[in-house]
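Since the structure comes first, as structure tokens, the remarks are kept for the end.
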Amino acid sequence: MAKQVRTAIEPTREQNYAEWYQQVIKAAELAENSDVRGCMVIKPWGFAIWENIQRVLDEMFRETGHKNAYFPIFIPKSFFEKEAEHVEGFAKECAIVTHSRLEDDGKGGLKVAGELAEPYIVRPTSETIIGASFARWVNSYRDLPLLINQWANVVRWELRTRLFLRTAEFLWQEGHTVHATSEEAVVETMKMLDVYATFAEEYLALPVIKGEKTDSERFPGAIATYCIESMMQDRKALQSGTSHFLGQNFAKSSQIKFQSQTGDVEYAWTTSWGVSTRLIGALIMAHSDDNGMVIPPRIAPAHIALIPIYKNDEEKVEVMSFVKELGEKLHSIRYLEQKLRIEIDNRDMTSSERSWSWIKHGIPLRVEIGMRDLASGTVMVGRRDQDSKDKKSMSVEELLTQVLDILEDIQKTIYERALAFRSINTHKIDDYEQFKAFYTPKNSNEPEIHGGFASSHWCGDGACETKIKEDLKVTVRCIPLDAVLEDGICICCGKPSKRRVIFAKSY
RNA sequence: CGGGAUGUAGCGCAGCUCGGUAGCGCGUUCGGUUCGGGACCGAAAGGUCGCUGGUUCAAAUCCAGUCAUCCCGACCA
């Protein structure tokens, strides 16, 4: 059988990026489409990533003073109608519950019955239902700030769905806070944006740009929406988290009022912020390669796959006993205050097939152990951030003492790789023809990966935004918070501009 | 929701133009040889051809409808 160089994932990113994305998810057993339109089944390996995201973020939320609570999945339609912009923003993607029971239809099937007096909306986000509770909880300035987070599922009836990136139902967390002053609420909004950015960069190894959304991309009902934007390997932008300053808009519609120190009754100031299972989509598209998933060690479901190699039952007994002992030693080591997670894989497949299976799943380290290693007290170690053939022999002692450094080194490499990719695909562009060329594929029938982030001047006029969107499907992803003030002219209309913004095609 | 395409075994596909006993590859199961880079040999199991109706002696194949999926738009975390 002629062995040839091939990739584990077909097609490759270059050949067909969208299909590559689906195949990575399939090969890594992260999720699959379900029998329910637009809804995914998250499989154990994928769900474990979400659980790790939850665990780390939850701790960060606690550290910043937030408490978890849970509110209903159903929102009375009348609640929804209270905030005009909010309704308008979500009206087109609501799932609505109108009946409460099923009855025999006399033909062997069931028919819906028991029409509700008022329809319920399955929450697409919870500002209005949580606001109703907050109105009861907040009476005095002494009740503030109120800092709440909810881990939940939400439903947005999207027309076109993609696993993790856009599904009809998705898992997320939504923070909802209430403050006595505008200033305090703004501080909270920015603080949580920072939490997201820190989490994305330090745990997901995902470089992000913090910025503010333009009017057209703002959360329905918000005064200001801030976001973290990241670049995927097809050079498109993915909004990876948002934090909203809601002003008094929702406080007014939900009647969240408090008596201040001076005795006046005032409307409160609220914020909301969230990240979702979309982050897993970001991980896939930012880090994975043509051999499958690449998972940053800090968020990986398991850190090390131990792969015993043997020729017969006698060898298997010997090797397995060695491997189990090594597994226990590794498992007792603590990485970021958690035990190292080890997978011992002695499935009845050839060793290389088992090894490839873990490569596709994105496990950070593969450790192969055969009879030769038993004799010499060594193991073969393969890193997911390096070529699959690039394995190193090291002593068991070395592995045990260096494993944490290796994992952290992989984490760092993955981050730096993503950062370098973003850097080389981000360009200052000041000429619309150049801008156009940047965002126009050379082969329009089968568009190749093209474009990237353009850092260009924008006058702030929505008309220019719309024109660029219509011309090139490119939008302002954000106005970076760290943008330096400089004089320039709008890439679109030529009018004066004070700062550059980030343009890109996006998900 | 508009434009395009596709539904045949767990997965990927052929067969359809020109109607006549359901095929291939991978995977699965069993037996054996293998096992440090995606193994091999042999045997076997597995499908009311998306669904409904029509034409016909006969439909995977022709016709109509319907549902679903994918791609491109619009919408969006």
Side-chain angles (χ1 to χ4, degrees), chain A residues 1-8 10 16-19 22-23 26-27 32-38 88-94 124-125 154-174 196 213 216-217 219-220 225 227-230 237-244 272-282 291-292 307-313 315-316 319 346-360 366-374 378-380 382 387-391 393 444-447 469-470 473 475 506-507:
Chain A
M1 199 57 179
K3 303 248 167 67
Q4 57 193 18
V5 179
R6 61 168 167 129
T7 56
E10 282 174 0
N16 184 342
Y17 192 83
E19 180 63 19
Q22 311 265 38
Q23 293 303 323
K26 191 174 170 186
E32 62 190 21
N33 279 307
S34 71
D35 295 321
V36 183
R37 183 196 174 89
E88 207 191 317
F90 287 105
K92 281 176 281 182
E93 47 186 45
C94 283
T125 179
V154 287
V155 168
R156 294 183 188 177
W157 213 257
E158 301 289 353
L159 299 174
R160 207 174 139 198
T161 60
R162 288 190 79 186
L163 291 175
F164 291 116
L165 296 176
R166 191 174 299 106
T167 45
E169 179 191 18
F170 57 93
L171 306 181
W172 78 344
Q173 61 64 220
E174 46 182 325
Y196 288 154
K213 284 294 185 189
S216 67
E217 304 249 336
F219 177 75
T225 287
C227 61
I228 50 173
E229 293 283 333
S230 51
L238 183 74
Q239 179 175 309
S240 308
T242 47
S243 187
H244 315 291
S272 70
W273 28 274
V275 296
S276 71
T277 36
R278 172 178 264 199
L279 287 178
I280 298 174
N291 284 327
I307 301 163
I309 296 165
Y310 37 75
K311 287 185 170 47
N312 51 47
D313 284 350
E315 286 190 9
K316 182 173 180 179
V319 175
N346 64 350
R347 286 178 293 174
D348 189 16
M349 303 188 285
T350 63
S351 59
S352 60
E353 199 168 349
R354 283 177 278 151
S355 198
W356 275 105
S357 156
W358 289 108
I359 291 172
K360 285 184 276 194
R366 304 181 311 283
V367 177
E368 299 174 2
I369 306 105
M371 292 303 284
R372 296 208 293 264
D373 295 304
L374 262 61
T378 60
V379 293
M380 275 302 239
D387 193 279
S388 63
K389 284 171 292 203
D390 222 357
K391 293 183 294 191
S393 177
S444 56
N445 294 327
E446 278 183 55
K469 187 175 179 179
E470 282 171 2
K473 293 167 206 155
T475 50
S506 76
Y507 278 94

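Computed from a predicted model, the values in this text were never measured in an experiment. A, B, ... follow the sequence lines: proteins, then strands. Residue 1 opens every chain.
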| message | Test of understanding: with side chain to side chain donor-acceptor pair (under 3.5 Å), list the residues that count as partners of A:T125, not counting sequence neighbours. | response | A:E127
| note | Note: for A:T161 and A:G89 on RNA chain B, the residue whose nearest nucleotide lies more 5' is A:T161
| query | When you measure from the side chain of A:E93, which nucleotide among B:C75, B:G37, B:G36 comes out closest? | reply | B:C75
| note | With the side chain defined as heavy atoms from C-beta on, A:I309 is closest, among B:C35, B:A77, B:C75, to B:C35
| task | When you get a sec, tell me which of B:A39, B:A74, B:G37 is the closest nucleotide to the side chain of A:K473? | result | B:A74
Dump the pairs, protein N or O against N or O of nucleotides 67-69 of chain B, anything under 3.5 Å, distances to one decimal.
| from | atom 1 | to | atom 2 | distance (Å) |
| --- | --- | --- | --- | --- |
| B:U69 | OP2 | A:R37 | NH1 | 2.9 |

| request: For A:Y196 and B:A77, give me the distance from atom OH to atom P, rounded to whole Å. | output: 14 Å
| task | Tell me which nucleotide among B:A77, B:C35, B:G37 gets nearest to the side chain of A:E368. | result | B:G37
| Residues that A:E169 engages under side chain to side chain donor-acceptor pair (under 3.5 Å), provided they are two or more places apart | A:N153
| said: Starting the side chain at C-beta, find the nucleotide from B:G36, B:G37, B:C75 nearest to A:E158. | reply: B:C75
| query | A:T350 side chain N/O closer than 4.0 Å to the phosphate oxygens (OP1, OP2) of B:A39? | reply | yes
| field | Rounded distance in Å - CG (A:N346) to C1' (B:C35) | value | 13 Å
| task | Report yes if at least one side-chain N or O of A:S352 is closer than 4.0 Å to OP1 or OP2 of B:A39; otherwise report no. | result | yes
| remark: Closest to the 5' end of RNA chain B, once A:R278 and A:N291 are matched to their nearest nucleotides, is A:N291
All N/O pairs under 3.5 Å across the protein-nucleotides 5-14 of chain B interface:
| from | atom 1 | to | atom 2 | distance (Å) |
| --- | --- | --- | --- | --- |
| B:C11 | O2' | A:K26 | NZ | 3.4 |

| task | From the options B:C75, B:G37, B:C35, select the nucleotide whose nearest atom is closest to the side chain of A:K469. | result | B:C75
| field | Nearest-nucleotide pick for A:S388, side chain only, options being B:A77, B:G37, B:G36 | value | B:G37
| request: Confirm from the modelled atom types if A:K391 and B:G36 form a donor-acceptor pair under 3.5 Å, side chain to base only. | output: no
| Quick one: side chain to side chain donor-acceptor pair (under 3.5 Å) partners of A:Q239, sequence neighbours excluded? | A:K213
| query | Any side-chain donor-acceptor pair under 3.5 Å between A:S355 and A:E368? | reply | yes
| message | Can you classify the ring geometry of A:W273 versus A:Y196 as parallel (below 30°), tilted (30 to 60°) or perpendicular (above 60°)? | response | perpendicular
| request: In whole angstrom, give the distance that lies between atom CD of A:E353 and atom C1' of B:U28. | output: 13 Å
| Around atom CD of A:E88, are there more than 12 heavy atoms of other residues, nucleotides or ligands at under 6.0 Å? | no
| request: Please tell me if the side chains of A:V275 and A:S240 come closer than 4.5 Å, counting only heavy atoms from C-beta onward. | output: no
| task | Would you please name every residue forming a side chain to side chain donor-acceptor pair (under 3.5 Å) with A:Y310, sequence neighbours left out? | result | none
| message | Checking contacts here: which listed nucleotide (B:C71, B:A77, B:C75) is nearest the side-chain heavy atoms of A:Q22? | response | B:C71
| query | Expressed in angstrom and rounded to an integer, what is the separation of A:R366 atom CZ from B:G36 atom P? | reply | 14 Å
